[in-house]
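Some notes on the structure that comes next.
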Amino acid sequence: MVSKRRRLDSEAKETETEDDPKIMKQPFSKLTKKSHDPREVEENGSVFVRLLKTSGLTLKTGENQNQLGVDQIIFQRKLFQALRKHPSYPKVIEEFVHGLESYTEDSDSLRNCLLSCERLQDEEASTGAFYSKSLIKLLLGIDILQPAIIKMLFEKVPQFLFENESSGGINMCRLIINQLKWLDRIVDSKDLTAQMMQLISVAPVNLQHDFITSLPEILGDSQHANVGKELRELLMQNTSLTVPILDVFSSLRLDPNFLSEIRRLVMGKLSSVRLEDLPVIVKFILHSVTDITSLEVISELREKLNVQHFILPSRIQASQSKLKSKGLASSSGNQENSDKDCVILVFDVIKSAIRYEKTISEAWIKAIERIESAAEHKALDVAMLLIIYSTSTQTKKGIEKVLRNKIQSGCIQEQLLDSTFSTHHLVLKDICPSILLLAQTLFHSQDQRIILFGSLLYKYAFKFFDTYCQQEVVGALVTHICSGNEAEVDTALDVLLELIVLNPSAMRLNAVFIKGILDYLENMSPQQIRKIFCILSTLAFSQQPGTSNHIQDEMHLVIRKQLSSTVFKYKLIGIIGAVTMAGIMAEDRSVPSNPTQGRAGLSREECTQVTSLLQLVHSCTEHSPWASSLYYDEFANLIQERKLAPKTLEWVGQTIFNDFQDAFVVDFCAVPEGDFPFPVKALYGLEEYSTQDGIVINLTPLFLREAAEDGSQGTSQESSQKSMSPLCLASHFRLLRLCVARQHNGNLDEIDGLLDCPLFLPDLEPGEKLESMSAKERSLMCSLTFLTFNWFREVVNAFCQQTSPEMKGKVLSRVKDLVELQEILEKYLAVIPDYVPPFANVDLDTLDRIPWSSSAISTKNRNKGKMAGRKQKADSKSSSTETLVTEDTSEYDMVPSGRSQVEKESTGKEGKTFVSLQNYRAFFRELDIEVFSVLHSGLVTKFILDTEMHTEATEVVQLGPAELLFLLEDLSQKLENVLTPSLAKRICFLKNKGNRNIGFSHLHQRSVQDIVHCVVQLLTPMCNHLENIHNYFQCLGAEDLSVDDKPRVNAQEHHTMSSCYQRLLQILHALFAWKGFTHRSNHHLLHSALEVLASRLKQTEQEQPLEELVSQSFSYLQNFHNYIPSFQCGLHLLRLLMALLEKSAVPTQKKERLASLAKQLLCRAWPHGEREKNTNFNDHLHDLLCIYLEHTDNVLKAIEEIAGVGVPELVNAPKEASSSTFPTLSRHTFVIFFRVMMAELEKTVKGLQAGTAADSQQVHEEKLLYWNMAVRDFSILINLMKYGRRFVEAFLKQCMPLLDFSFRKHREDVLSLLETLQLNTRLLHHLCGHSKIHQDTRLTKHVPLLKKSLELLVCRVKAMLVLNNCREAFWLGTLKNRDLQGEEIVSQYPSSPESASEDSEDGITSHVSRSRAAKDGEDEASDGQKDQDSDESDDSSD
């Protein structure tokens, strides 16, 4: 008894603590009940109790479980048989159910009936399931009892709808509904469905969710459609039930059309649902997608799904709640976390769908591809592209292609990418490796815009992701830097510089990775080396107090090692690194805009470190003019870019000032001493000096003394004074003037005497003495001219921004001196072809292109002299004049990078010799972009003062044509280098990678946006000059003068003005063709530039829209076409207008005007000799003709006009004459016209849409007329075999379907067209024979594909006739092989069937019904080879 009582007590406790009514698993009792239990329900004559007990189930009172003594199936069978065999059947069923109702009126009894029964069988006798069903569940399994019991249960449910859960956690409503789940058979499913839906309609919301989600487990398949309809109505009435209803829909077997209707209903409410409901809704939408509807559904989902809409309001609410109450702060934080979890769930659902449903991923990609406007793109689009990219390797190529197209079209901008990462960073963080892989792939592109997008991926991944991802980003960037691709290296370094500003503390953690780049410095350009040392120095010297400075120590070691190297390349790296590091150390830390430095000023110890480092560099470079020049230039760039601490700047300025004064400046009264081959005197002074005052640059004595020391360096003694090479004059002065400008806020009054001071020089103008000079004397004079030329270039750089009129006048005078010296250089270089000038710029770009001299890089027996006053120095550094004279310049000449050059002409007694100074660009000092502010200068009055500073005379100085051309040429070269991307991005380290950038090192240290801004500021003076030059040629045109009128027109002036005209147009074209205008950040620059051009027509105070500005600018520039001086200028004007055309949203009207201008240029008779003078005339004519045919509204009509009018005129004209209508069409240019027209004809017919039966009659007639014109043009331009085949192929694809439908109603027109085409194809066949006779491989490679196309044409014409019931109108004949003269070709093997060719012709059937042909149509065919040769080179049949 004791053990039995304990067992019953434990069972009672288990019943009380039951949590989930859905799972009723109780262990079987191992003991069978042997005796009477007082808790057992008495029968009291109840049929219900008696039948249950007879069948093996004993009811218990209280909280005790009902006991089942037999197996569940046996119980149901016994009870069923007892009811059926009962004498009062079927009345006994009512009594049984009535007894059940009476028994379950008590809540405890009802609960016992709903809970599982206790099994009393022995373990050995139990053969059923381990789960024991409840009494109600067992009774529902009996068909005769099921309807009545279900009715009873639904009557019981309303009693408990609004009751709370019992102490045991049991909800009676849920327990009752659970009895209906998973029934083996439902007797009346329709009634059960109706009662369930009625119950759902009246239940509270919390129970409605449970009842709805239980429907698939209760109802049978036959009721799914009815339930779906009921739930649809409920969904429309109550949106709070959206989640359970959609969850049920995914489990029901419903019609696809019905699901589509539900999907549309849900999609309409998508923007207003709660965030926690969004994952289920998105899951339903994606699971209901079919192959047919996928694109439509995804497009709509993409439009309606706006996760950012849910995230941002939650952030705002959280911040507001924190402000209102501190107690609500935690709940707001929890709400924000919950929102983030919901967003992650949404994207998990999407990722799961696109991973397992290829249709969904493809549809999403297509939906994004179809978006054309940048404004329509959303952050979700970019996020989805990144997610799809990470899910499957099969989609990577497609995603990359989509991204490239979107980036190139400007649809995905930096702002959109920033929004994507800020909104979806929690989701994108999980796919960080895929994002970095995509960025790495985009970095390998040759398009700078795509590379920039890849860099932004790295930047935002570092900004928004965790520490591990940041480490991966830095590692990937370091890999790019060491890759060898110049564009990759530059962009990766720029990203690292941005990341240091963005998050310096995080970058310091990854400094050890960046430090490894130091092993790859020798393969990098100077600008890249500067960036690397800037990055490392910033990390090293922005350490927090108390942290390790191992990076500083390692950088000092590397720099000292490089500086002490005898290899100049490594010394160069050391100089750049040391100066860059000194700049970071000495940077003015009081500037608040510097985020990586503290607010404290430079300490005395730090100042000492900086000066020690600079003195180290100076001592390591003072014995080499090359190294010294590089040091001065590098230091000058540093001062120009960074604001140094006042202490450091003061020390540097004073040191440089004293060194320059002691080395190069002497008093005017000093007499140059030495044995000079030519008389030396002070030349190029702008003011008259007395013998007591004034200064002179001591150039010639220093240069000759250095040459003499170089010749006797083996025996010379150690100098007691410090010497300076004249080769460092320009670079030293650049550093001096930048120091003075930085110290005095741009004022150069302290050194203004250097602007007008003369130089000790011989008379550089060779005159008639040139022929009598020796080779050594010529080289000496040429070297002095180069040094003087570079000195004046730096002087102009220094003083070009001074505001006083006197200074401006002197700058203009120096520009005139530059033009004069340039002409002198041309004369010397024309007679010294093997001359190598003294160096002017030293960096890795020019290192391998300049001849080296042992004396130029090592002067071991020299010491640094003491500083002294203004006097002449006795020693200077050596320069290898002899080496410069004897070395061959051919390997150092610059190769023009595809640009048109204005050749400079030098006239000597022997005749004309042309020398291009462009080839000597590496030996010229670079002009700063600020120099072109001289273009603003008009007439400048220069005052000449007497000894008492009174005005003695005035002189008017202005910018002449030669000076203007000098400036414009340099500006044009700069813009072409910076704004025009180079074609070859990937460059091998073993090759000269700096060819294109030599001479532009200072320019490349400025941003492209800064350069464009400077050019925009110059637009007004350039427009003034353009108008003045246009007026000049307009006056010549009004007087009907030409260059040939020698007495009245100066030929040199005409040539100079024409060159200025051309350069101005080239500059404007380079500016407006810049691809950077497509970026949103540069739109203001484009707007400003267009405003300048538009204001030339009319002044407007209010801001105008971009389209209006483009239209006015186009009209302004169009006005210049009437008096274009040369064919080349006309082409540049058209290119400029085309660049503006790209900025227009409605370019149709402007295209017509552009085509009209191009035609006028083609129809204009240019001056005699234009073609001979311009070696690129044929290329320019090709471009002009392409522009005309691409922009004309009717290409076929334009081709017919040229081929039908111009060509016959040329045929009938004399040998050297040209067409009267098209003067540019001559026998020399005929091939150009022919090739362009044939290519455009083939392109045009390919673009024609093929005819269809659905087209109207009018459309058929228009297309047929168009093809008639095309075939007529083709008959004239038949002589190109390659384009002939292309035309035939286009005819087969585009025109033959049209003829199929047009033959019946336009029979005569169709047959006429075929006849014309047959004559052309026969000529093509003759061309094939001609190529075989002459064995011309350029032609024979096109023969197989051409013959295949001709055979297909024959078959296609026959098919057309069969389609129109004219089979008998087709007959086939033999076409003999003939040459171009019509002579038959005698075959080597006449009996060979392969040599036969066939000619198919339409038979004569003129008097037949409409369904038959009225006239012959002839086509030929051949059974030639079928070789698939795909070579597409341009060849002529001549």
Side-chain angles (χ1 to χ4, degrees), residues 20-22 97-98 100-102 104-111 113-115 134 136-137 139-140 145-166 168-183 186-220 222-252 254 258 262 265-266 269 273-274 276-277 280-281:
D20 191 356
K22 296 181 182 180
V97 174
H98 180 69
L100 176 62
E101 291 177 353
S102 301
T104 56
E105 286 179 356
D106 179 59
S107 59
D108 292 337
S109 300
L110 177 61
R111 186 187 68 246
C113 292
L114 295 173
L115 296 176
S134 67
I136 297 297
K137 190 84 168 181
L139 296 180
L140 286 173
L145 295 177
Q146 187 185 92
I149 294 177
I150 289 177
K151 180 180 179 181
M152 182 203 73
L153 291 175
F154 278 107
E155 290 175 353
K156 294 285 186 183
V157 169
Q159 302 176 17
F160 305 99
L161 283 178
F162 300 97
E163 291 185 2
N164 295 326
E165 294 182 353
S166 64
I170 298 176
N171 186 287
M172 294 299 294
C173 290
R174 293 191 179 98
L175 198 56
I176 292 173
I177 295 300
N178 285 342
Q179 310 304 310
L180 302 175
K181 293 181 178 180
W182 308 115
L183 296 178
I186 300 177
V187 177
D188 190 354
S189 59
K190 187 174 182 180
D191 181 65
L192 177 61
T193 302
Q195 294 190 64
M196 278 296 302
M197 297 308 300
Q198 185 178 4
L199 176 62
I200 291 173
S201 63
V202 298
V205 176
N206 59 332
L207 291 178
Q208 279 182 322
H209 282 73
D210 294 335
F211 294 164
I212 292 174
T213 53
S214 301
L215 288 177
E217 303 166 359
I218 296 175
L219 304 177
S222 60
Q223 295 302 311
H224 284 187
N226 295 331
V227 171
K229 294 179 182 178
E230 294 287 344
L231 291 178
R232 178 187 60 187
E233 298 298 328
L234 190 61
L235 178 64
M236 297 174 65
Q237 297 171 4
N238 191 352
T239 56
S240 62
L241 300 176
T242 301
V243 171
I245 292 176
L246 294 182
D247 196 15
V248 168
F249 278 152
S250 61
S251 302
L252 300 179
L254 300 173
F258 177 80
I262 298 298
L265 178 64
V266 173
K269 300 180 180 181
V273 299
R274 295 179 302 173
E276 55 266 24
D277 298 340
V280 177
I281 296 175

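For this chain, numbers begin at 1 and follow the sequence in order. Here the structure is a predicted model, which is why all the values come from computation and not from measurement. The figures here come from the full heavy-atom set of this structure, side chains too, leaving out hydrogens, waters and symmetry mates.
L100 and I149 make their closest contact through CD2-CG1, 4.2 Å (heavy atoms, listed as atom of the first residue, atom of the second, distance). Residues D188 and Q146 share a closest heavy-atom pair of N-OE1, 4.4 Å. S134 and L115 get closest at one heavy-atom pair: CB-O, 3.0 Å. In plain terms, the two heavy atoms of R174 and N206 that are nearest each other are NH2-O, 4.2 Å. Taking each heavy atom of I186 and I218 in turn, the nearest pair found is CD1-O, 3.0 Å. Nearest heavy atoms, Q223 versus S189: NE2-OG, 3.6 Å.
Side-chain contact check for M152 versus H98: every heavy-atom pair is 4.5 Å or farther apart. Side-chain contact between I136 and I176 is absent, with no heavy atoms from C-beta onward closer than 4.5 Å. Within the 4.5 Å cutoff, no side-chain heavy atoms of I170 are placed close to those of L114. Residues Q179 and I150 form no side-chain contact, since every pair of their non-hydrogen atoms from C-beta on lies 4.5 Å or further apart. Between E217 and L180, the closest side-chain pair of non-hydrogen atoms is not below 4.5 Å.
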*asked:* Please determine whether side-chain contact (heavy atoms from CB on, under 4.5 Å) holds for the pair L252 and L219, giving the CA-CA distance in whole Å, both sets of side-chain angles, and the decisive distance to 0.1 Å.
replied: CA-CA 10 Å; L252 300 179; L219 304 177; over 6 Å; no
*Verdict with supporting geometry, Q198 and F154, side-chain contact (heavy atoms from CB on, under 4.5 Å)*: CA-CA 10 Å; Q198 185 178 4; F154 278 107; over 6 Å; no
*Worked check of side-chain contact (heavy atoms from CB on, under 4.5 Å) between S201 and L234*: CA-CA 8 Å; S201 63; L234 190 61; 5.7 Å; no
*List the steps, then state whether side-chain hydrogen bond (donor to acceptor under 3.5 Å, both in side chains) holds for N178 with K181.*
CA-CA 5 Å; N178 285 342; K181 293 181 178 180; 3.2 Å; yes
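Of the inter-residue distances, the one linking L110 atom CG with M172 atom CE reads 4.0 Å to the nearest 0.5 angstrom. Rounding to the nearest 0.5 Å gives a distance of 10.5 Å between CD1 of I212 and CG of D247. Taking NZ of K151 as the reference point, atom CG of L153 lies at 12.5 Å (rounded to 0.5 Å). Atom CG of L140 and atom CH2 of W182 lie 16.0 Å apart (nearest 0.5 Å). The CE atom of M197 sits 4.5 Å away from atom CD1 of I200, with the distance rounded to the nearest 0.5 Å. Considering CD of Q208 and CG of L241, their distance stands at 4.5 Å, rounded to 0.5 Å.
For the residue pair N226 / E230, no side-chain donor-acceptor distance below 3.5 Å is found, with atom types taken as modelled.
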